[in-house]
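A quick write-up on the structure given underneath.
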Amino acid sequence: MKIATFNINGVKARINALTDWLTESAPDVALLQEIKSVDENFPRDVFEDMGYNVETHGQKGFNGVAVLSKLPLEDVTRGLPGDDSDEQARWIEATVVGDQALRICGLYLPNGNPVELNDDGSPVAGGKYAYKLDWMDRLYDRAQDLMAQETPALMAGDYNIIPQREDAKRPDAWTKDALHRLPSRQAFRRIVNLGFTEGFRARQAGAGHYSFWDYQAGAWEKDDGIRIDHFLLTPQCADLMRDCWIESAVRGREKPSDHVPVWIDLAA
DNA sequence: ATGGCCGGTGGAACCGGA
C-alpha cells in the first residue's frame with residue numbers, strides 16, 4: 001500500500017496539478033494539507049470519480065486537511081484532541097480498512113512565526129509561537145495514546161519542523177526561525193522518542209533531501225529547500241515499511257505547490 | 001550575477017504562509 005502526504009497549497013488552485021499527480025502516481029491513500037476550503041466547497045466528486053473515498057476537515061480561507069483513499073475509511077475523527085477552543089482545521093484521523101487495519105493521522109502543524117518571546121525566553125501567551133508549542137504538546141499526548149495501542153499507525157503531514165541541520169540547504173538561516181529553533185526541534189524529538197520511526201531517515205541518510213522550496217528568490221532553481229514533511233510510524237507500522245521517498249520532481253511542474261509529496265510503501 | 005512569490009478574500013489591499 002502506497003501512502004503519500006502532500007501540502008497542496010489550495011485545492012482550487014491545484015485541482016489540475018492534483019488530478020494529474022493522482023493519475024500518474026496513483027497513491028492508495030493521500031493525506032492532503034492546506035486545502036484552503038470549507039468542506040462544502042471541496043471538489044469531492046472529482047476525486048470520487050477517480051475511485052477515492054474522500055474525508056475532509058476544512059475551514060474558510062486557510063489551513064484544512066483531507067484524506068483520499070481507494071480503500072474504505074472508518075472511524076473518522078476531526079480536530080486534534082486537547083483544546084475545544086482550537087478552531088483551526090489541522091488534524092484528521094481515519095482507519096484504512098485493508099488486509100489489516102491501519103490508523104492514519106493527517107496533520108498540518110502550525111508554522112509558529114513570528115517567534116515572540118518574553119524577557120525570560122518563554123513564548124508570549126496568545127502568540128503564534130506559543131500556539132505552535134501548545135499544539136505540539138497536544139500532539140505528544142495523542143502520539144502517546146497511539147503508541148499505547150501497539151497497532152500499526154502513522155502520523156504524517158506538514159510538521160513545519162526542520163529536524164536537523166542537514167534538512168536545510170542553509171541551516172544557519174533558520175536557527176532563530178520557528179521551524180528550526182531549539183525548542184521546536186526538542187518538541188519534535190520528544191514525540192519521535194516515544195518510539196516512532198521517522199520514515200525518511202530510516203531509509204536515507206545525508207544532506208540534500210527537501211520537501212519544500214519557497215516560491216520566492218528562485219529557491220527551487222537553487223535547490224534552496226527544507227525538509228519539513230514527515231512520516232512518523234509506530235513500531236507495528238515501521239515493521240511494514242518497505243520504502244520512503246520524496247517525489248521532488250513534482251516541484252518543477254506547471255503551477256506547483258511549494259511542497260512536494262512524501263511517500264511510504266507498506267507491506268499491507 | 002542579480003532580483004525575485006502565491007492563494008484566498010472580496011472586489012483593493014491585506015493576511016498567511018515558511
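So that the names make sense, note that chain A is the first sequence line, chain B the second, and so on, each numbered from 1. The basis for the numbers below is simple: all heavy atoms, side chains too, and nothing from hydrogens, waters or symmetry mates. All figures in this text were calculated on a predicted structure; none of them were measured in a lab.
B/dG11 and B/dG7: their C1' atoms are spaced 16 Å apart (whole Å). If you take atom C1' in B/dA1 and the same atom in B/dC15, they sit 34 Å apart, rounded to whole Å. Between B/dA18 and B/dC5, the distance separating the two C1' atoms is 12 Å to the nearest Å. With both ends at atom C1', the span from B/dC14 to B/dG10 equals 11 Å, rounded to whole Å. Rounded to a whole angstrom, the distance from the C1' atom of B/dG3 to that of B/dT9 is 29 Å.
In this structure, A/Asn160 reaches the B/dA18 phosphate: one of its side-chain N or O atoms is under 4.0 Å from OP1 or OP2. Taking only side-chain nitrogens and oxygens, A/Lys36 never comes nearer than 4.0 Å to OP1 or OP2 of B/dG17. A sub-4.0 Å separation between OP1 or OP2 of B/dA18 and a side-chain N or O of A/Tyr108 is present.
For A/Asp177 and B/dA18, a side-chain-to-base donor-acceptor distance below 3.5 Å is absent, hydrogens and geometry of angles not being considered.
Nucleotide B/dG7 holds its C1' atom 15 Å from the CG atom of A/Asn16, rounded to whole Å. The distance from atom CG of A/Asp214 to atom P of B/dG4 is 14 Å, rounded to the nearest whole Å. One atom, CG of A/Asp224, and another, C1' of B/dA1, lie 16 Å apart when rounded to the nearest Å. Taking atom CD on A/Glu34 and atom C1' on B/dC5, their separation rounds to 14 Å, with Å as the unit. In this structure, the CD1 atom of A/Ile35 is 16 Å from the C1' atom of B/dG17, given to the nearest Å. Across the protein-nucleic acid pair, A/Asn41 atom CG and B/dT9 atom C1' stand 13 Å apart, rounded to whole Å. When rounded to the nearest whole Å, the span between CD1 of A/Ile8 and P of B/dA18 equals 13 Å. Look at CG on A/Leu109: it is 10 Å from P on B/dA18, rounded to the nearest Å.
Nucleic acid contact for A/Asp158: sugar-phosphate only, since backbone atoms but no base atoms lie under 4.0 Å from a heavy atom of the residue. A/His259 comes within contact range of the sugar-phosphate backbone alone, with a heavy-atom separation under 4.0 Å but no base atom that close. Counting any heavy atom pair closer than 4.0 Å across all strands shown, A/Asn9 reaches sugar-phosphate atoms only and no base atom. Residue-level contact check: A/Lys255 touches the backbone only, with heavy atoms under 4.0 Å from sugar-phosphate atoms and none from bases. Within the nucleic acid shown, A/Gly218 comes within 4.0 Å of at least one base atom, counting heavy atoms only. The residue A/Asp229 sits apart from the nucleic acid: no heavy atom pair falls under 4.0 Å. Residue contacts for A/Ala217: at a heavy-atom cut-off of 4.0 Å it reaches a base atom on one of the strands shown. Across all strands, A/Arg90 comes closer than 4.0 Å only to sugar-phosphate atoms, never to a base (heavy-atom distances).
Summary of the strand contacts: A/Leu179 and A/Pro256 both lie near DNA chain B, and taking for each the nucleotide with the nearest heavy atom, the more 5' one is attributed to A/Pro256. In terms of position along DNA chain B, the nucleotide closest to A/Lys222 lies nearer the 5' end than the nucleotide closest to the other residue of the pair A/Phe62 and A/Lys222.
Between B/dG7, B/dG16, B/dA18, one nucleotide has an atom nearer to the side chain of A/Trp174 than all others, and that is B/dA18. For A/Tyr215, whose side chain is taken as the heavy atoms from C-beta onward, the closest listed nucleotide among B/dC5, B/dA18, B/dG8 is B/dC5. Of all nucleotides listed (B/dG16, B/dA18, B/dG7), B/dG7 comes nearest to the side chain of A/Ala13. With B/dG4, B/dC6, B/dT9 as the choices, the nucleotide that has an atom nearest any side-chain atom of A/Lys60 turns out to be B/dT9.
Comment: A/Glu34 does not engage A/Arg14 in a salt bridge, judged by the lack of any side-chain N to carboxylate O separation of less than 4.0 angstrom. The residues A/Asp214 and A/Lys222 are annotated as not salt-bridged, no charged nitrogen and carboxylate oxygen being separated by less than 4.0 angstrom. Salt-bridge formation is detected for the pair A/Glu93/A/Arg103: a Lys NZ or Arg NE/NH1/NH2 atom is positioned less than 4.0 Å from an Asp or Glu carboxylate oxygen.
More than 12 heavy atoms of other residues, nucleotides or ligands sit less than 6.0 Å from atom CD of A/Glu24.
Paired with A/Asp265 under the rule salt bridge (Lys or Arg N to Asp or Glu O under 4.0 Å), one option of A/Arg242, A/Arg203, A/Lys2 passes, and it is A/Arg242.
When only modelled atom types and interatomic distance are considered, A/Asp158 and A/Gln33 share no side-chain donor-acceptor pair under 3.5 Å. Side-chain contact, A/Trp21 with A/Glu247: a donor N or O sits under 3.5 Å from an acceptor N or O.
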